[in-house]
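Below: one structure, written as structure tokens.
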Amino acid sequence: MELPVKYDPSQTEDKWYSYWLKHNFFHSEPDNREAYTIVIPPPNVTGVLHMGHMMNNTLQDVLIRRARMMGKNACWVPGTDHASIATEAKVVAKLKAEGIEKSDLTREEFLEHAWKWREKHGGIILEQLKKLGASCDWARTKFTMDPAMSKAVINTFVYFYKKGYIYRGVRMVNWDPEGLTAVSDEEVVHRETDSKFYYLRYKISGSQNGEYVIIATTRPETIMADAAVCIHPDDERFHHLRGKKVIIPLINKEIPIIEDSYVTMDFGTGCLKVTPAHDINDYEIGLRHKLPVIDIIDEHGKLNAKAQILVGEDRFVARKKIVKMLDEAGLLEKTEDYKSQIGYSERTNAVIEPRLSMQWFLKMDVIAKEALRVVEDDEIKLIPDKFKNTYRHWMENVHDWCISRQLWWGQQIPAYYLPDGEYVVEDTPEEALAAAQKIDPNLKASDLTRDEDVLDTWFSSWLWPISVFDPEKPGFPDKEPNKELAYYYPTNDLITAPEILFFWVARMIMAGQEFCHDIPFRNVYLTGIVRDKQGRKMSKQLGNSPDPIKLMEQYGADGVRLGMLLCTSAGNDILFDESQVEQGRNFSNKIWNAYRLIKGWTIDDCAKQSEEAAIAVKWFDAKLSRTIEIVNDHFDKFRINDALMVIYKFFWDDFCAWYLEIIKPAFVDGRQMPTDKTTFDATISFFDSLLKIIHPFMPFITEELWHNIDERKAGETIMLQPMVKAKPYSEELIHSFSQAADTVVALRALRQSRNISPKEALTLLVKRAGYPADMSPIIKKMANISEIGVVDTFDNATAGQAFMIETIEYYVPLSGMINVAEEIAKVKAEIARYEGFLKSVSAKLGNAKFVEHAPAQVVELERKKMGDAQTKIDNLKQRLDTLK
RNA sequence: GGGAGCAUAGCUCAGUUGGUUUAGAGCAUCUGCCUUACAAGCAGAGGGUCGGGGGUUCGACUCCCUCUACUCCCACCA
């Protein structure tokens, strides 16, 4: 059967994925092999695959496939995250589109809708990962809201509560008026935003002559919530106002003037309005001065009745309106443009409103300390290690974690309130009742109300590396781990984005140490953010993110994987460009065509191996071992793109451009000559090795070809073949081959510059016997040289072209005359270049201090450099003489 | 405002305790090729005073200082 010229991934990818699944190759069970474990960073259950996932999961798959071939018991645990805010927002939006408001539903009804949504959309992203070739152990797929996983979260809450680490309190939180929930500091993104500075006149109470102070504010709509005006105690400009009162404009409310050194004298007017309910700093000033808290903004960001005016207006509408009212009342001194950092909700992009509310917190100081230590001591390695600084900074300035969210989708906080407002925290309603009855024996189950809030999503994902194996472990540090946890934990490598280093990575370390007394993973490989060619972050809004599924359809999953990896280096952002994926596809095609070439050969059992083939086989064998060593080293250092590039070049240049071209059987009279068995077998074996080395990167094409290059038994797979190992090899052989290759390149360049056809055979003379004589057959075949003669001098200098490889002189006699003047100029330029070099080297060697201080081998090397340069100059000068 | 990182060819990046022939790769570019595996290819070539300035050293892309540009993280200046 004639094979198509171009490789068609659609013919192979689904076929082999089903084959792998059918034979359960991805599944892992504890055994006596060494475990190699990765837990997937669980994507949002409602998410669809984007380029960041592609990057991340390709890397994980490369590592896991490689580990599997290295003989480890490789286990990659997949799953999804319930992502409470994001998912709840999507469900709310979907219901809204159907005319249903969340407020019309009970909690149970809403959750029913949410679970239905999850049924429908929850598996999409995992199915998409299969297209990519991800070799996850699908039998272990977990969801952060699986009953057992949720139980682990509840147990953890109860554990920390009883340990005294979880407390409840009124705090100023970051309120998302769209998501209607508090969000953590980490979920607030600060962006510089254009706003205005309004200068308002507050009249001095009781002043006869209409005296006033000017206050600068960006939030005039909050003046009704002002509790005081504050000046700096040292600010002499305002000393006459001490103890006086001012009148809030429009509502004519009298508030005191207080003094606090928080105020910056030279910022604004030096006069600050204090609004404890709507600003975190003002809140703190309010605490110091025992000021009342007047909360005039409701959960939706609208002014409430306490505002007295503009009631029911949205905060931003109210701002515009009140400015107009103040202006009309003559109380607006002036307006200035101003840029300030405004907090936005990461999830809904709403402007965050600082708001006082009752929330649950987890104390972080103690657990953060140990989590910092293990990273400082390199028990956990961050790759690249520059993230250590960032990590340290965060861990040293850690705040208590606000873990409650005013949502329904998630694990409901297991706190149960008694009628008198007291509460108990227990694993189950039954235990809660029992605990409550200790307080009041007459209580019935119906007297208890459970806290409405759910827990922050990260409060469940921080247990992920533990609970995917043993969901009964979190909350019970002293319990024996089950067999799975004991075997797979700690996991090996975690591949994730630096953005969630604190959200997730740091907290997993904390949970791991708390419950397992051990780190959750040894290496954290932090990938970059995938950006477009212009360096913009890929986002739906910009529409600059390609659809990964379409990309895979167009270029093949192998091509896309390669394209992603080619532009990755740890911690650096990835500038994604489709041309890289194209390069990946081209590589698939190159592999495919190498296979087509080999497949077209016939074997003659009696044929003798040619000289050049014998050399090529020996050389390639050595080069293979060296390449494996280099690749292993790159993998050890997580330089995955470097490892790939080495392999890419090894296949393309060394295997295709050199090895195959050398051993390619001759073509005589339009007919392919057969190849000898020794060479053929060696070639198949090399190809087999290459496929194995490439397999972790490009699983599909390698599986396809591996099944075609040789007989395979049913149920065999490349993915479980042992990885090729390096053997001892001769550096010298590799070096002399590369000298020969350089000679071939020089001869080709010579042909090109003189318009000599590759078909015209040439004679080559070499001046000294120091040249790699055993490589002669290679030079002859690859450069179409009929004869290589070793001579003492080159005669007839004007009718040939000389060149040097290292210090060896070659000469090609040519029938036509060369342009002597041009040649002389060229040789002179060469001499000048080497003389310049020689000068710098001899200056170095002439420096007594250098010879004294530099290591002996460095000096030795410089001497060799000088000697070589001198030889070259001598050679060139001789050549110049003969030309003249 | 504080902290961190980066600056090397047109682009994306290597350059591993300062010395490996006066800097490497991939892509892109240019030139010549439809050579019987592959034009998604083959062969060849060009291209960088390593951001600027100063310093340490026998020797600096590499270490130090400074300036400039960019990026990221943290932070309550109303």
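For clarity, every value in this text was computed on a predicted model and none was experimentally measured. In what follows, chains are A, B, ... by sequence order, proteins preceding strands, each numbered from 1.
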Is A:D868 touching bases, backbone alone, or none of the nucleic acid, heavy atoms closer than 4.0 Å? base
Could you tell me whether A:A869 contacts a base, only the sugar-phosphate backbone, or nothing, with contacts defined as non-hydrogen atoms closer than 4.0 Å? nothing
Base, sugar-phosphate, or nothing: which does A:K649 touch, judged by heavy atoms less than 4.0 Å apart? sugar-phosphate
Remember a base hit wins even if backbone is also touched, and classify A:W652 as base, sugar-phosphate or nothing at under 4.0 Å, heavy atoms. sugar-phosphate
When we call it a touch if two heavy atoms are under 4.0 Å apart, what does A:R833 touch: a base, just sugar-phosphate, or nothing? base
What interatomic distance, in whole Å, is found between P of B:rC38 and the corresponding atom of B:rG48? 37 Å
Select base, sugar-phosphate, or nothing to describe what A:F587 touches, counting heavy atoms under 4.0 Å on all strands. nothing
Strictly below 4.0 Å: does A:R748 bring a side-chain N or O up to OP1 or OP2 of B:rG44? yes
A:R585 atom CZ is separated from B:rC38 atom P, nearest whole Å, by 16 Å
Stacking here means centres under 5.5 Å and planes under 30°; does A:F267 stack on B:rC77? yes
Residue pair A:M395 / A:V375, side-chain heavy-atom distance below 4.5 Å: no
Reckon A:V745 touches a base, only the sugar-phosphate, or nothing at all at heavy-atom distances under 4.0 Å? sugar-phosphate
